[in-house]
**Student:** 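Structure incoming, see below.
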Amino acid sequence: MNLEKGEPTTKKATLKELATLVGGEVSGDPSLEVTGIAALEEAGEEEITFLAELRNLSRLEKTRAAAAIVPPSLPAFPKPVIRAPNPYLAYAKIQTFFTHRPYQPRGVDSRAHVGRDAKIGREVSIYPFVFIGDGCQIGDRAVLYPGVYVGDAAQVGEESTLYPNVVIMDRCIIGKRVIIHPGTVIGSDGFGFARDGARYVKIPQVGVVQIDDDVEIGANCAIDRAAMGKTWIKRGVKTDNLVQIGHNVIIGEDTVLVAQVGIAGSTEVGNRVALGGQVGVIGHIKIGDGAMVGAQSGVAQDVAPGQILSGSPAFPHRDWLRTQVVFPQLPEMKRTLSALEKKVKALEEKIDTKKN
Amino acid sequence: MNLEKGEPTTKKATLKELATLVGGEVSGDPSLEVTGIAALEEAGEEEITFLAELRNLSRLEKTRAAAAIVPPSLPAFPKPVIRAPNPYLAYAKIQTFFTHRPYQPRGVDSRAHVGRDAKIGREVSIYPFVFIGDGCQIGDRAVLYPGVYVGDAAQVGEESTLYPNVVIMDRCIIGKRVIIHPGTVIGSDGFGFARDGARYVKIPQVGVVQIDDDVEIGANCAIDRAAMGKTWIKRGVKTDNLVQIGHNVIIGEDTVLVAQVGIAGSTEVGNRVALGGQVGVIGHIKIGDGAMVGAQSGVAQDVAPGQILSGSPAFPHRDWLRTQVVFPQLPEMKRTLSALEKKVKALEEKIDTKKN
Amino acid sequence: MNLEKGEPTTKKATLKELATLVGGEVSGDPSLEVTGIAALEEAGEEEITFLAELRNLSRLEKTRAAAAIVPPSLPAFPKPVIRAPNPYLAYAKIQTFFTHRPYQPRGVDSRAHVGRDAKIGREVSIYPFVFIGDGCQIGDRAVLYPGVYVGDAAQVGEESTLYPNVVIMDRCIIGKRVIIHPGTVIGSDGFGFARDGARYVKIPQVGVVQIDDDVEIGANCAIDRAAMGKTWIKRGVKTDNLVQIGHNVIIGEDTVLVAQVGIAGSTEVGNRVALGGQVGVIGHIKIGDGAMVGAQSGVAQDVAPGQILSGSPAFPHRDWLRTQVVFPQLPEMKRTLSALEKKVKALEEKIDTKKN
């Protein structure tokens with residue numbers, strides 16, 4: 001077996017079949033069969049490749065692939081092509097076609113712990129060393145890898161996958177087709193303390209985390225339960241690894257959080273927002289639908305829908321780009337300014353002298 | 001059961017009892033009974049709410065709650081109130097009263113591993129799949145959730161809670177009433193290497209981590225063991241999630257580290273310090289008692305007690321605030337400066353011309 | 001037992017033996033025996049200490065240690081010394097000598113899961129609650145602590161150590177003498193999605209992670225598997241805790257990543273690079289051999305070999321240092337600039353007046 005590609009699936013597909021799958025059109029032999037999809041340089045002679053961006057055309061010309069998915073605007077090409085409106089999306093669909101294996105339920109391993117009154121769905125895979133608390137509900141075809149912990153009364157929806165060592169604390173609710181990568185913690189206590197003189201008194205965090213359908217959460221993230229009510233990750237959200245989400249935060253549908261983002265408590269992030277890597281967001285603000293924030297930025301106040309921001313603290317990205325050009329010139333500006341001050345003083349004196 | 005609130009405790013309390021608990025005074029019927037505490041908008045008709053800040057008075061006026069905890073300065077209010085010096089602290093205490101359940105020890109599960117010569121206290125809860133190394137000491141009423149690892153000769157104090165998949169490496173010392181959230185690693189090797197030409201030679205990290213009483217550590221944090229001696233987290237420290245603490249760091253009492261803070265080796269943080277989210281601190285410096293550092297700042301030199309800093313690298317917060325106003329104007333300043341240069345040059349020429 | 005030092009090894013060595021070990025020369029009695037090595041202030045009367053930097057000479061003068069490792073340039077000193085070209089490296093080697101214990105294999109615990117067709121080497125230590133998937137290869141003398149997960153067909157090389165709760169996903173390849181600290185995830189899915197209107201479609205991540213020999217990865221890190229092909233961590237790389245490495249990234253030999261660094265997908269980092277704490281690097285760029293990037297910097301474009309950068313976005317460190325001096329003076333510069341504008345305007349008017 002080639003470890004980098006995994007066990008071959010021995011699937012094949014004609015260009016016609018793939019074109020139907022991705023909503024594209026074949027130029028060339030529609031009955032040509034391919035066995036997989038790979039990047040321009042990596043594809044073999046029995047595979048199809050894809051050109052996501054026209055500027056990579058010269059790399060396409062050198063590919064060994066038998067065929068290619070290309071944008072509709074690509075002119076004539078010597079090999080068979082499938083013209084598709086979004087070649088990158090077509091790649092996602094074709095890669096899924098070639099690499100997807102039928103699901104084989106493992107059942108509930110005898111070395112797993114299943115609590116009292118837990119309801120376990122059909123065709124699940126509960127690996128060894130999984131702990132499922134009392135009163136949990138685990139949906140049909142859910143997969144819980146070794147070391148997963150599901151606290152009392154928590155719920156995991158149908159066809160969701162909890163990778164090894166994922167922790168779902170008590171009463172948290174995980175939707176359907178949710179994927180949570182290894183080591184991630186859902187429902188740890190929010191960071192809430194009241195000062196009592198110099199010391200801190202813990203505020204019980206009695207709420208939950210609710211994760212809606214089709215969410216994917218990266219590895220080693222932490223999503224805190226609400227102080228009261230819920231921390232809410234809505235349908236379709238995708239987070240990268242090592243992301244921190246504070247208590248009572250709401251993340252809107254189809255929003256994307258890149259690695260190491262941190263969002264403080266009670267902030268509300270809209271739908272289709274994109275936060276770049278290592279972005280920090282303070283608590284109790286709102287980020288409007290469709291906003292985008294550049295990597296490493298710090299968001300310290302409300303963001304209007306559709307705004308594009310950068311910087312720490314963040315301001316409009318276009319303005320930020322301009323400041324970045326000037327910023328390294330600061331020492332020179334300072335020198336120029338000092339020199340000008342002297343010149344102006346000299347001029348003032350000259351003029352005063354002339355007056356007298 | 002309402003998942004967001006958990007199993008009702010069926011506790012009740014009169015306003016008089018709650019006033020005694022929080023050191024407040026009742027205005028209105030002291031025998032009025034309430035069944036819980038909730039935020040202004042969420043509280044039901046049998047619950048009490050709280051007004052932490054006077055500017056939220058209009059929200060208090062709309063609450064359905066039967067009564068409210070309010071600051072002493074609040075004027076007359078149509079519903080019964082408890083005037084308390086710190087309503088937020090009162091909320092913490094009352095929430096604890098209503099949601100606290102008596103501790104039920106589970107004993108030591110037969111599927112846990114307990115090493116040779118380990119001393120296990122009374123009334124502990126050791127869940128399945130816990131690993132306790134040789135010679136460990138686990139205090140009375142300690143709770144070790146599934147997947148917890150406690151290395152050889154490590155100690156966990158009375159009434160401490162290690163949530164699922166917490167790792168305490170060998171010889172580390174955890175005090176009493178310590179809470180460590182899931183996935184956190186205590187006592188991983190410090191990051192210490194000596195260069196040997198182009199390569200690195202590992203420096204054995206033979207020290208430990210000592211965590212004193214009443215500390216709370218968030219989820220998926222990493223606190224490294226000392227190269228020699230100890231990394232020391234003192235009484236009452238609270239850290240949020242994904243915090244990194246390097247070897248030989250000392251964190252003073254009642255200090256608060258917000259999510260994703262990173263502190264490099266051998267730095268000493270004083271008592272009652274607060275570091276905002278994503279702050280980075282270099283190694284081998286001292287941060288004085290009571291200092292505060294704004295989110296995303298980078299601390300690169302000693303900080304005097306009580307200082308308030310922001311920026312990367314950090315400088316006094318008040319000055320930083322002023323620079324943030326001016327910073328986006330940099331491109332405009334640059335243009336103004338260039339224009340001024342030309343004008344001054346023109347003036348100089350005019351004057352010279354006149355002279356001649 | 002002294003927890004901070006661990007069980008004494010009762011090893012002893014003469015200065016002559018230690019000098020041979022570190023390639024140094026003894027001044028004083030070469031037969032003097034010491035029982036350990038410790039820092040200047042901590043060393044006892046039977047131990048040796050080390051002076052890594054000459055500026056700490058006054059601290060050396062107060063040490064209780066019996067002897068010291070010192071740089072060759074140190075003048076005469078009243079106690080016996082070993083002059084070594086790199087005292088810090090000598091410390092690493094001597095500490096290893098004194099604290100290293102012979103490896104005692106535990107074998108395969110009956111409470112571990114070993115999958116079908118897994119090949120387990122000789123003298124391994126597989127702790128309870130370890131999960132080894134089907135077709136894995138575990139090398140001789142490898143140590144897998146409790147809670148470790150090794151996915152199907154993954155490989156772990158000889159003498160590698162996977163600390164508790166480390167996750168190696170399927171087909172990933174771990175070399176020899178690799179150390180992975182607790183909670184770290186190797187081979188989680190890369191963050192790859194294609195847009196389909198407002199929603200995202202997951203791109204199957206079918207590649208792997210390959211970690212070469214003598215790599216050390218910190219605690220709670222995440223290293224994603226490649227979309228296709230491999231994410232590649234080359235020989236001798238050292239990463240601190242909470243580091244994020246995206247899919248298809250390549251990290252060159254002997255490169256060092258300090259805590260909380262994040263590197264986005266497909267970026268190629270050269271050999272002997274050093275990235276400071278919390279540095280972020282965007283995807284699809286190249287960082288040349290020997291480059292260095294200061295803490296909290298953001299790298300947004302290719303970096304030439306040997307460059308030293310700081311800032312977000314990063315630019316040459318020397319220039320950055322100068323801007324940091326001027327930056328807090330921005331508000332003052334703005335005021336000076338405004339005042340100058342007025343003065344120049346006044347001058348212009350005066351001159352114009354004179355003209356007329």
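These numbers come from a predicted model, not from an experiment. Chain naming here is simple, since letters A, B, ... match the order of the sequence lines and numbering starts at 1 in each.
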**Student:** What are the two closest heavy atoms between A/V326 and B/L330, and how far apart are they?
**Tutor:** CG1-O, 4.1 Å
**Student:** Tell me, for B/A295 versus chain A, whether the close heavy atoms (under 4.5 Å) come from the side chain, the backbone, both or neither.
**Tutor:** neither
**Student:** Measure A/L337 against the heavy atoms of chain B and call it side chain, backbone, both or neither at under 4.5 Å.
**Tutor:**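 When you check distances to chain B, atoms from both the backbone and side chain of A/L337 fall under 4.5 Å.
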**Student:** Does B/N241 reach the side chain of A/S188, with side-chain heavy atoms less than 4.5 Å apart?
**Tutor:** yes
**Student:** Give the minimum heavy-atom separation between B/A92 and A/P204, together with the two atoms involved.
**Tutor:**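 Scanning both residues completely, I find the closest heavy atoms to be O-CD, 3.7 Å.
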**Student:** What residue in B/A219, B/A38, B/P182, B/A90 has the most heavy-atom pairs under 4.5 Å with chain A?
**Tutor:**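 With the most close heavy-atom pairs to chain A, the winner is B/P182.
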**Student:** Taking every heavy-atom pair that is under 4.5 Å apart, which of A/G311, A/A339, A/P313 has the most such pairs with chain B?
**Tutor:**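 Among A/G311, A/A339, A/P313, the one with the most close pairs to chain B is A/P313.
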**Student:** Check the pair A/D196, B/K93 against side chain to side chain contact (heavy atoms under 4.5 Å, CB included), reporting the backbone distance first and the verdict last.
**Tutor:** CA-CA 11 Å; A/D196 188 2; B/K93 290 179 175 174; 4.0 Å; yes
**Student:** Measure across A/Y200 and B/D254 and return the closest heavy-atom pair with its distance rounded to 0.1 Å.
**Tutor:** CE1-O, 3.4 Å
**Student:** What distance do B/L347 atom CG and A/L347 atom CG have between them, rounded to the nearest 0.5 Å?
**Tutor:**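 The distance works out to 6.0 Å.
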**Student:** For the pair B/H181 and A/V185, evaluate side chain to side chain contact (heavy atoms under 4.5 Å, CB included) and give the outcome as yes or no after the intermediate values.
**Tutor:** CA-CA 9 Å; B/H181 288 285; A/V185 173; over 6 Å; no
**Student:** Given a strict heavy-atom distance threshold of 4.5 Å, which part of B/D240 is in contact with chain A: side chain, backbone, both, or neither?
**Tutor:**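 The answer is both parts of B/D240.
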**Student:** Kindly compute the distance separating OG1 (B/T99) from CD1 (A/I203), expressed to the nearest 0.5 Å.
**Tutor:**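 Result: 11.5 Å between the selected atoms.
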**Student:** Between B/N86 and A/R195 (side chain of the first, backbone of the second, donor and acceptor by atom type, cut-off under 3.5 Å), is there such a pair?
**Tutor:**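 Yes, the answer is positive, given that a donor and an acceptor are paired below the 3.5 Å cut-off.
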**Student:** Can you tell which of A/D152, A/V261, A/V209, A/I173 has the highest number of heavy-atom pairs within less than 4.5 Å of chain B?
**Tutor:**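 Highest number of heavy-atom pairs under 4.5 Å: A/V261.
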**Student:** Based on non-hydrogen pairs under 4.5 Å, which of A/V325, A/T336, A/D170 is most in contact with chain B?
**Tutor:**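 Of the candidates given, the most pairs with chain B belong to A/T336.
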**Student:** What distance separates B/K334 NZ from A/R322 CZ, expressed to the nearest 0.5 Å?
**Tutor:** 15.5 Å
**Student:** Under a 4.5 Å heavy-atom cutoff, which of A/G298, A/G229, A/G147 has the most pairs with chain B?
**Tutor:** A/G229
**Student:** For B/K345, which atoms come within 4.5 Å of any heavy atom of chain A: side chain, backbone, both, or neither?
**Tutor:**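 Neither part.
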**Student:** What part of B/I94 gets closer than 4.5 Å to chain A, counting heavy atoms only: side chain, backbone, both or neither?
**Tutor:**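 Looking at B/I94, nothing touches chain A.
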**Student:** Quick check against the 3.5 Å criterion: does B/E42 have a side-chain atom that pairs as donor or acceptor with the backbone of A/M228?
**Tutor:**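 Between the backbone of A/M228 and the side chain of B/E42 there is no qualifying donor-acceptor contact (under 3.5 Å).
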**Student:** Does any heavy atom of chain A fall under 4.5 Å from the side chain of B/E216, the backbone, both, or neither of them?
**Tutor:**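 Just the side chain, heavy atoms under 4.5 Å.
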**Student:** Report which part of B/Y163 has an atom under 4.5 Å of a heavy atom belonging to chain A: side chain, backbone, both, or neither.
**Tutor:**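 Contact with chain A is through the side chain of B/Y163 alone.
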**Student:** Relative to chain B, which of A/A222, A/G207, A/A198, A/G183 shows the most heavy atom pairs under 4.5 Å?
**Tutor:**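 Highest number of pairs under 4.5 Å: A/A198.
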**Student:** Just verifying a value: how many Å separate B/M333 CE and A/Q329 CD, rounded to the nearest 0.5 Å?
**Tutor:** 12.0 Å
**Student:** Of B/Q296, B/Q324, B/Q278, which is the lone residue that meets side chain to side chain donor-acceptor pair (under 3.5 Å) with A/S312?
**Tutor:** B/Q296
**Student:** Of the backbone (N, CA, C, O) and the side chain (C-beta and beyond), which part of B/L321 lies under 4.5 Å from a heavy atom of chain A, both, or neither?
**Tutor:** neither
**Student:** So, for A/A112 and B/R111, which heavy atoms are closest and what is the spacing to 0.1 Å?
**Tutor:** O-NH1, 4.4 Å
**Student:** Where along residues 127-139 of chain A does a heavy atom come under 4.5 Å of chain B, listed by residue number?
**Tutor:**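 When heavy atoms of chain B are the reference, residues 127-139 of chain A contributes A/F129, A/V130, A/F131 within the under-4.5 Å range.
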**Student:** Could you grab the distance from atom NZ of B/K343 to atom NZ of A/K343, nearest 0.5 Å is fine?
**Tutor:**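 Spacing of NZ (B/K343) from NZ (A/K343) equals 15.5 Å.
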**Student:** Within this structure, what is the CD1-CG distance for the pair B/I179 and A/D189, rounded to the nearest 0.5 Å?
**Tutor:** 7.0 Å
**Student:** B/S338 versus chain A, heavy atoms under 4.5 Å apart: side chain, backbone, both or neither?
**Tutor:** neither
**Student:** With respect to chain B, which residue among A/Y149, A/W320, A/F327 yields the maximal number of heavy-atom pairs within a distance under 4.5 Å?
**Tutor:** A/Y149
**Student:** So which part of B/Q260 gets closer than 4.5 Å to some heavy atom of chain A, the side chain, the backbone, both or neither?
**Tutor:**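 It is the side chain, since no backbone atom gets that close.
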**Student:** Which bit of A/V279 is near chain B, if near means a heavy-atom gap under 4.5 Å: side chain, backbone, both or neither?
**Tutor:** backbone
**Student:** Give, as side chain, backbone, both or neither, the part of B/L89 having an atom under 4.5 angstrom from any heavy atom of chain A.
**Tutor:** both
**Student:** Sort A/C221 into side chain, backbone, both or neither according to what part of it lies under 4.5 angstrom from a heavy atom of chain B.
**Tutor:**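 When you check distances to chain B, only backbone atoms of A/C221 fall under 4.5 Å.
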**Student:** If we ignore hydrogens and angles and just use 3.5 Å, is the side chain of B/N165 paired with the main-chain N or O of A/V166 as donor and acceptor?
**Tutor:**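 Checked: no pair found.
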**Student:** Is A/S297 close to chain B through its backbone or its side chain, or both, or neither, when contacts mean heavy atoms under 4.5 Å?
**Tutor:** backbone
